[in-house]
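Heads up, the thing below is written out as structure tokens.
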Amino acid sequence: MNEKFTGNFTQQEPIPDAAIEAAVAVMKSGRLHRYNVAAGDPGEVALLEQEFAAAMGAKYALAVASGGYALACALRAVGVKPGDKVLTNAFTLAPVPGAIASVGAVPVFVGVTEDLVIDLDDLAAKTGQADVLMLSHMRGHLCDMDRLMTICNAAGVKVIEDCAHTMGARWRGRLSGTDGVIGCYSTQTYKHLNSGEGGLMISDDPNIMARAVMLSGSYMLYDRHLAAPDPAVFEAIKYDTPNISGRMDNLRAAILRVQLRDLGRQCARWNDRYRVVEEGLRHTPGLTVIDRPEAEDYVGSSIQFLLLDWPEDQIADLLRRCLARGVELKWFGGAEPSGFTSRYDSWRYAPSPPMQATDRVLKGIVDMRLPLTFSLEDCAVLARIIKSEVGAVWQAG
Ligand SMILES: *Cc1c(COP(=O)(O)O)cnc(C)c1O
């Protein structure tokens with residue numbers, strides 16, 4: 001009599017037929033490397049960069065091998081050196097502090113609020129410690145970007161935006177990734193565009209983007225880019241910027257170009273699903289729904305809720321009960337990093353003092369993916385199951 005869910009939380013939609021055809025055309029041409037182009041054909045990667053820059057309203061764009069590569073490349077491009085401190089979110093995923101560690105820099109974690117965004121008071125208190133903030137819009141939650149930019153501009157802190165979960169999202173109409181000096185995106189399978197692996201970067205700063213292009217491994221072929229700064233900008237930096245290869249290839253770019261045209265529609269479909277789950281979870285005693293600010297246009301590719309101050313064994317019990325009914329929930333509070341969740345204190349290469357208010361929130365965050373293969377009815381079922389199990393565990397506790 002208990003309803004069960006049978007959907008697969010990691011099943012994405014198929015790659016669209018038009019994208020498959022574009023990929024096959026690249027393979028038939030044999031020209032997979034981005035700089036291996038025929039006369040008169042700029043190549044899929046250069047075209048993707050041009051189209052992505054236009055879609056985001058940015059001057060420049062660069063396609064790279066992964067979202068994590070984009071983050072590390074951005075840090076290098078803005079001049080982060082080994083030993084430098086870099087501010088970042090305590091609530092984020094491993095590739096973010098990992099990118100900071102990869103350039104020999106040291107993460108300084110900033111707390112998270114009950115709205116699941118960076119704690120701007122904590123940020124304001126810590127801006128004296130670093131010149132760069134790597135801001136992770138974790139799970140698609142945008143903080144008050146106006147106030148964040150005011151704090152960072154006043155303190156001379158450059159902002160690199162990690163938009164792995166906010167491609168297509170907006171704050172007061174401004175696309176996510178356009179407030180900071182660089183916006184970084186992932187096109188890994190679980191993000192908003194799917195090329196298996198891949199990353200994108202945008203910037204309006206010619207010097208920073210020229211360095212990023214050189215860093216990505218351009219073999220001095222930057223004049224083949226369609227969304228890069230003028231070749232004159234490269235003259236000043238080209239012998240001082242190392243090549244740290246991390247290019248995208250034409251095959252992935254071909255798949256992405258087709259998907260990019262559909263980004264707006266896909267975001268709307270995610271939000272349809274998100275809202276069904278959100279509504280279904282409202283008014284559940286013990287469970288806190290995350291209310292989204294009016295200024296935010298989010299992309300609901302996953303949903304989070306809080307079980308604030310629940311004992312750990314009850315949360316574990318709830319997760320087990322939901323799983324038994326086919327509902328896979330992730331818990332950020334687990335002592336060991338599992339799956340895609342992790343906590344700032346599990347990254348032992350980046351020691352940090354404990355943050356009580358943040359620990360309280362992290363301990364209560366429950367997270368669920370919403371792949372587009374789920375129907376709206378699926379989403380209603382998910383919410384009903386969670387609601388009934390939360391009710392059972394909460395009352396028993
Ligand atoms: C996925 C992800 C990244 C990195 O992307 P990859 O393409 O997997 O390297 C960075 N930040 C967040 C928050 C992510 O979820």
Side-chain angles (χ1 to χ4, degrees), residues 9-10 12 45 48 52 61-76 86-103 105 107 109-110 112 116-118 132-143 159-169 176-177 180 182-202 212 215-216 244-249 251-253 255-256 259-260 267 270 298-304 330 332 337-344 346-347 350 362 365 367-371:
F9 284 81
T10 53
Q12 307 301 320
V45 178
L48 171 67
F52 192 68
L62 175 67
V64 294
S66 73
Y69 182 90
L71 295 174
C73 183
L75 289 165
R76 289 191 172 96
V86 174
L87 296 158
T88 195
N89 307 60
F91 175 44
T92 186
L93 292 176
V96 177
I100 296 171
S102 81
V103 303
F109 295 110
V110 182
V112 64
L116 303 195
V117 296
I118 192 165
V132 174
L133 165 66
M134 178 161 275
L135 173 65
S136 185
H137 301 299
M138 179 60 179
R139 286 295 185 259
H141 296 270
L142 293 174
C143 70
V159 180
I160 296 169
E161 292 184 70
D162 166 21
C163 306
H165 304 156
T166 54
M167 184 191 284
S176 184
I182 305 187
C184 299
Y185 308 81
S186 167
T187 63
Q188 189 235 79
T189 293
Y190 300 108
K191 312 298 165 83
H192 298 173
L193 302 177
N194 177 7
S195 59
E197 301 284 359
L200 286 156
M201 306 167 68
I202 59 167
L215 285 162
S216 75
I244 303 176
S245 283
R247 292 170 303 274
M248 183 176 279
D249 57 88
L251 195 50
R252 286 174 197 175
I255 295 174
L256 291 171
Q259 294 176 52
L260 179 59
C267 291
W270 265 304
Y298 56 84
V299 182
S301 49
S302 67
I303 189 163
Q304 295 71 42
K330 305 278 184 202
F332 279 87
S338 77
F340 285 79
T341 65
S342 43
R343 252 182 24 200
Y344 72 96
S346 55
W347 301 310
L362 288 177
I365 301 176
D367 174 48
M368 181 171 72
R369 293 176 186 284
L370 292 174

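Each ligand, and each atom within it, is numbered from 1 in the order the structure gives. Residue numbers run from 1 in the order of the sequence given.
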(Q) Can you tell me which residue among Trp270, Tyr298, Tyr185 is in a ring pair (Phe, Tyr, Trp, His ring centres under 6.0 Å) with His192? (A)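 Answer to the ring pair (Phe, Tyr, Trp, His ring centres under 6.0 Å) test with His192 among Trp270, Tyr298, Tyr185: Trp270.
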Q: Go through the steps for Val112 and Ile118 under the test side-chain contact (heavy atoms from CB on, under 4.5 Å), then give the verdict.
A: CA-CA 5 Å; Val112 64; Ile118 192 165; over 6 Å; no
Q: Give a yes or no on whether the backbone of Lys330 and the side-chain of Asp367 come within a donor-acceptor separation of less than 3.5 Å.
A: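 A pair under 3.5 Å: no.
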Q: Provide the closest heavy-atom pair for Gly140 versus Thr166 in the form atom of the first, atom of the second, distance.
A: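 Closest approach of Gly140 to Thr166: CA-CG2, 3.6 Å.
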Q: Could you tell me which non-hydrogen atom of Met167 sits nearest to which non-hydrogen atom of Val299, and how far apart they are?
A: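 Reported closest heavy-atom pair: O-CG2, 3.7 Å.
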Q. Ser102: what forms a side chain to side chain donor-acceptor pair (under 3.5 Å) with it, not counting sequence neighbours?
A.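 Residues passing side chain to side chain donor-acceptor pair (under 3.5 Å) with Ser102: none at all.
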Starting from the N and O atoms of ligand 1, find every protein N or O within less than 3.5 Å and list the pair with its distance.
from, atom 1, to, atom 2, distance (Å)
ligand 1, 5 (O), Ser186, OG, 3.4
ligand 1, 7 (O), Gly67, N, 2.8
ligand 1, 7 (O), Ser186, OG, 2.7
ligand 1, 8 (O), Gln188, NE2, 2.8
ligand 1, 9 (O), Gly67, N, 3.4
ligand 1, 9 (O), Gly68, N, 2.7
ligand 1, 11 (N), Asp162, OD1, 3.3
ligand 1, 11 (N), Asp162, OD2, 2.8
ligand 1, 15 (O), His165, NE2, 2.6
ligand 1, 15 (O), Lys191, NZ, 3.0

